[in-house]
Amino acid sequence: MTVQSLTLVQPDDWHLHLRDGSVLSRTVQDSARQFGRAIIMPNLTPPVTTTAMAREYKARLDAQNTSLQALMTLYLTDHTSAEDIRQAHASGIVLAAKLYPAGATTNSAAGVTAMEKVYEAIATMEAIGMPLLLHGEITHDNVDIFDREKGFIDTQLIPLLDRFPGLRLVFEHITTQQAAEFVQQAGANVGATITPQHLMYNRNHLLVGGIKPHLYCLPVLKRNIHQQALQDAVASGNPRFFLGTDSAPHALGAKQSACGCAGCYSSPAAIELYAQTFEELGILDKLEAFASFNGANFYGLPYNKKTITLVREDWQIPHSLDYAGDIIIPLAAGETLRWKQKV
């Protein structure tokens, strides 16, 4: 018998971009519709590099008066000190620190230029148990963009964990077979987030028949063998893979331009997109653990007490949405989904 409804412990988003300013009325509401908690990325302009900035940003998020609990992160730079890390951890509002290799993605110019420059900060994180969240790509000009993640594993990630074997680490938005295998073979201190777009699409979807700017994200979509590896990872039920949308909003003009911004805005239908994908893979029974339990377990947090219910009902993702007076195109715009969150 076909499942007609699905009730889940309220899920969390362990990798989310909300931006700042007037657009928060859109982004926070969209995420709060389905998620209880979210780890908020710190790559604002200027980036969230201090505990004071994290506290101020959280106040702006909380002012949206939603039920979403914002879990804050600190943006690592070459100058982040051990004391900066200790202050952030002691604040009770900063859950983790995020490492962007300089130039890897949106607003990453102030990121880390060489891993050894943050060894002191990372050593402190290892000692106090504060997770390090990694955008895992190398950015050297001579490295093909489709090989950046594998290059990061070989030249940065393996040496990093050899040096700091007790570091709690999340390999964010993994996109390759090599990344999935690395996490599966690593210890319990290593986890990974997987986005809806990297489960749903591969680089053919991005490039065949013309470039699809609203599927352009970083790390970029890879070939289908890597998409299959991610699908196999979630199908395995391995508890160290968990939901992280990497939902990254950009207005229409910023996406459809001569230098289009990277990011997919999945928040308006994120849990429904995951549900549809899991059903297509024949693993709908594994969705709750992936969305609601695995991330909480990795971060040592309790499960949410509320639940959400998805019902089998065809509906169409809007072609566009208001974005503080501008326009934003959501992921899978115009597509019909079979699952809809019950209000």
Subject >> With sequence neighbours excluded, residues passing ring-ring contact (aromatic ring centres under 6.0 Å, His included) with Y201 >> reply: H205
**OP:** Could you tell me whether the side chain of Y265 reaches within less than 4.5 Å of the side chain of L331, counting heavy atoms only?
**Re:** no
Going by atom type alone, with no hydrogens or angles, which donor-acceptor pairs under 3.5 Å involve a side-chain atom of residues 154-166 and a protein atom two or more places apart or on another chain?
{"unit_1": "D154", "atom_1": "OD2", "unit_2": "K150", "atom_2": "NZ", "d": "2.9"}
{"unit_1": "T155", "atom_1": "OG1", "unit_2": "G151", "atom_2": "O", "d": "2.8"}

Original post:
Are V234 and I194 close enough that some pair of their side-chain heavy atoms sits under 4.5 Å apart?
Top reply: yes
Original post:
Counting N and O atoms only, with roles assigned by atom type, does the side chain of R33 sit under 3.5 Å from a partner on the main chain of P268, one being a donor and the other an acceptor?
Top reply: yes
Subject >> R60 with D20: basic N within carboxylate O range, under 4.0 Å >> reply: yes
Original post:
Between the side chains of S81 and D84, is a donor N or O closer than 3.5 angstrom to an acceptor N or O?
Top reply: yes
Original post:
Is Y75 close to K98 at the side-chain level, that is, under 4.5 Å between some pair of heavy atoms?
Top reply: no
**OP:** May I ask whether L99 and I138 are part of the same hydrophobic cluster, defined by side-chain heavy atoms of I, L, V, M, F, W, Y residues being less than 4.5 angstrom apart, directly or through others?
**Re:** yes
Original post:
Side chains of H226 and E149: does their closest heavy-atom pair fall under 4.5 Å?
Top reply: no
Original post:
Can you find a heavy atom in the side chain of P42 that is under 4.5 Å from one in the side chain of M72?
Top reply: no
Original post:
Do L337 and I317 have side chains that get closer than 4.5 Å, going by heavy atoms?
Top reply: yes
**OP:** Pick out which of R19, H17, H135 makes a side-chain contact (heavy atoms from CB on, under 4.5 Å) with M41.
**Re:** H17
Subject >> More than 12 heavy atoms of other groups within 6.0 Å of K212 NZ >> reply: yes
Original post:
Side chains of E313 and W339: donor-acceptor distance under 3.5 Å anywhere?
Top reply: no
**OP:** Consider only side-chain N and O atoms of T193 and E172, and report whether a donor and an acceptor are under 3.5 Å apart.
**Re:** yes
Side-chain donor-acceptor contacts of residues 282-302 below 3.5 Å, not counting sequence neighbours, with atom names and distances?
{"unit_1": "E288", "atom_1": "OE2", "unit_2": "V9", "atom_2": "N", "d": "2.8"}
{"unit_1": "S292", "atom_1": "OG", "unit_2": "V9", "atom_2": "O", "d": "2.5"}
{"unit_1": "S292", "atom_1": "OG", "unit_2": "E288", "atom_2": "O", "d": "3.4"}
{"unit_1": "N294", "atom_1": "ND2", "unit_2": "F241", "atom_2": "O", "d": "2.9"}
{"unit_1": "N297", "atom_1": "OD1", "unit_2": "Y303", "atom_2": "OH", "d": "2.9"}
{"unit_1": "N297", "atom_1": "ND2", "unit_2": "F293", "atom_2": "O", "d": "3.3"}
{"unit_1": "N297", "atom_1": "ND2", "unit_2": "Y303", "atom_2": "OH", "d": "3.1"}

Original post:
Any side-chain heavy-atom pair from L71 and Q69 closer than 4.5 angstrom?
Top reply: yes
Original post:
Do L206 and V220 touch side chain to side chain, with heavy atoms closer than 4.5 Å?
Top reply: yes
Subject >> Aromatic contact, H15 with H173 (centres under 6.0 Å) >> reply: yes
**OP:** Could I get the full list of side chain to side chain donor-acceptor pair (under 3.5 Å) partners for N202, not counting sequence neighbours?
**Re:** Q227
Subject >> Minimal non-hydrogen separation, P101 against T139, with atom names >> reply: CB-CG2, 4.4 Å
Subject >> Enclosure of I225 CD1 (heavy-atom neighbours >12, cutoff 6.0 Å) >> reply: yes
Subject >> ring-ring contact (aromatic ring centres under 6.0 Å, His included) partners of residues 138-163, not counting sequence neighbours, each pair once >> reply: none
**OP:** With sequence neighbours excluded, give me every side-chain hydrogen bond (donor to acceptor under 3.5 Å, both in side chains) pair touching residues 1-13.
**Re:** T7-T309, D12-R37, D12-N304, D13-T245
